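Contents: one structure, followed by commentary.
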Amino acid sequence: WGAGAVSAGLGVGVDPTGLWIVNAMTETPLSPSFDLRAEVGFAMSEDLSGLMLATTSVLFHVPTPPIDPFAGLGVGAALTPPPYTSGIVFELVGGVRVVPFEPVGLFAQARYLVRWSTSGWTTGPVYEAGLFIQF
């Protein structure tokens, strides 16, 4: 059994504290209603640079072209340079994809991240939007 990317995209997000994140992602279908997404992002703020967030999510969606709403769950890692700590991340994600013309699409999503590290639990939303290409 093998899987290949069906779409790839770039996104930009921000959280309520002013942390900006730039993401690259790819998705492959598992079934007509489920996709597997891999996402890696780099975050920037005045206080923190070098945070890398890598997650894998399973998304449920109900495609009704040209709109494709989705929701999902994911797990990953937040890799942060010292003096900050790295940790495991759990996420809830929900959003919508719109394909105005093939093969280009747009997406908007909200991710709620729950991070555990040696310094304790942190939680919060990230709001993102971006562009993807379908193969």
Side-chain angles (χ1 to χ4, degrees):
W1 181 81
V6 173
S7 68
L10 294 173
V12 175
V14 65
D15 81 358
T17 67
L19 181 74
W20 286 89
I21 188 164
V22 177
N23 291 320
M25 67 180 67
T26 185
E27 292 181 7
T28 191
L30 299 174
S31 74
S33 294
F34 288 94
D35 292 343
L36 182 64
R37 175 190 284 179
E39 190 168 4
V40 63
F42 295 92
M44 301 158 277
S45 77
E46 291 179 13
D47 302 325
L48 175 67
S49 63
L51 169 66
M52 185 175 85
L53 185 63
T55 60
T56 299
S57 305
V58 174
L59 304 176
F60 173 74
H61 63 108
V62 183
T64 53
I67 298 172
D68 185 3
F70 61 88
L73 299 170
V75 65
L79 308 171
T80 312
Y84 302 100
T85 58
S86 296
I88 190 165
V89 173
F90 303 97
E91 76 172 343
L92 298 170
V93 61
V96 64
R97 295 180 278 229
V98 178
V99 181
F101 54 90
E102 294 285 339
V104 177
L106 307 170
F107 71 90
Q109 66 183 18
R111 298 166 68 193
Y112 192 82
L113 304 175
V114 178
R115 178 177 172 228
W116 180 83
S117 67
T118 56
S119 61
W121 291 96
T122 56
T123 63
V126 177
Y127 306 102
E128 298 175 345
L131 173 70
F132 66 93
I133 305 277
Q134 296 175 326
F135 305 115

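Everything numeric here is computed off the predicted structure, so don't read it as measured data.
Here the closest non-hydrogen pair linking P29 and D35 is CA-OD1, 3.4 Å. Nearest heavy atom pair, residue F34 against residue V58, reads CD2-CG1, 4.0 Å. Across F132 and S7, no two heavy atoms sit closer than the pair CD1-CB, 4.1 Å. When all heavy atoms are compared, the tightest approach of F70 to H61 is CB-CB, 3.7 Å. The minimum heavy-atom distance between S86 and L79, with the atom names listed, is OG-CA, 3.4 Å. When all heavy atoms are compared, the tightest approach of Y127 to A110 is CD2-CB, 4.0 Å.
Of the candidates T55, L92, V89, R111 forms a side-chain contact (heavy atoms from CB on, under 4.5 Å) with just one, namely T55.
The cluster map of Ile, Leu, Val, Met, Phe, Trp and Tyr, joined by side-chain heavy atoms under 4.5 Å apart, puts L10 and F135 in different clusters. Cluster annotation: Y112 and F90 are assigned to the same hydrophobic cluster (Ile/Leu/Val/Met/Phe/Trp/Tyr, side-chain heavy-atom contacts under 4.5 Å, transitive). Hydrophobic clustering of Ile, Leu, Val, Met, Phe, Trp and Tyr side chains at less than 4.5 Å, counting indirect connections, keeps L53 apart from I88. No continuous path of ILVMFWY side-chain contacts below 4.5 Å connects L131 to I21, so the two sit in separate hydrophobic clusters. A chain of hydrophobic side-chain contacts below 4.5 Å, direct or via other Ile, Leu, Val, Met, Phe, Trp or Tyr residues, connects F60 to L36.
Between R97 and L59 the shortest side-chain heavy-atom distance falls below 4.5 Å. Side-chain contact between P100 and P66 is absent, with no heavy atoms from C-beta onward closer than 4.5 Å.
Considering CE of M25 and OG1 of T56, their distance stands at 12.0 Å, rounded to 0.5 Å.
Here E91 does not pair with R37 in a salt bridge; the nearest charged N to carboxylate O distance is not below 4.0 Å.
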* **D68 and V99: CA distance, side-chain angles, deciding distance, side-chain contact (heavy atoms from CB on, under 4.5 Å) verdict** => CA-CA 8 Å; D68 185 3; V99 181; over 6 Å; no
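Judged purely by distance below 3.5 Å, without hydrogens or angles, the side chains of E39 and S57 never pair a donor atom with an acceptor atom.
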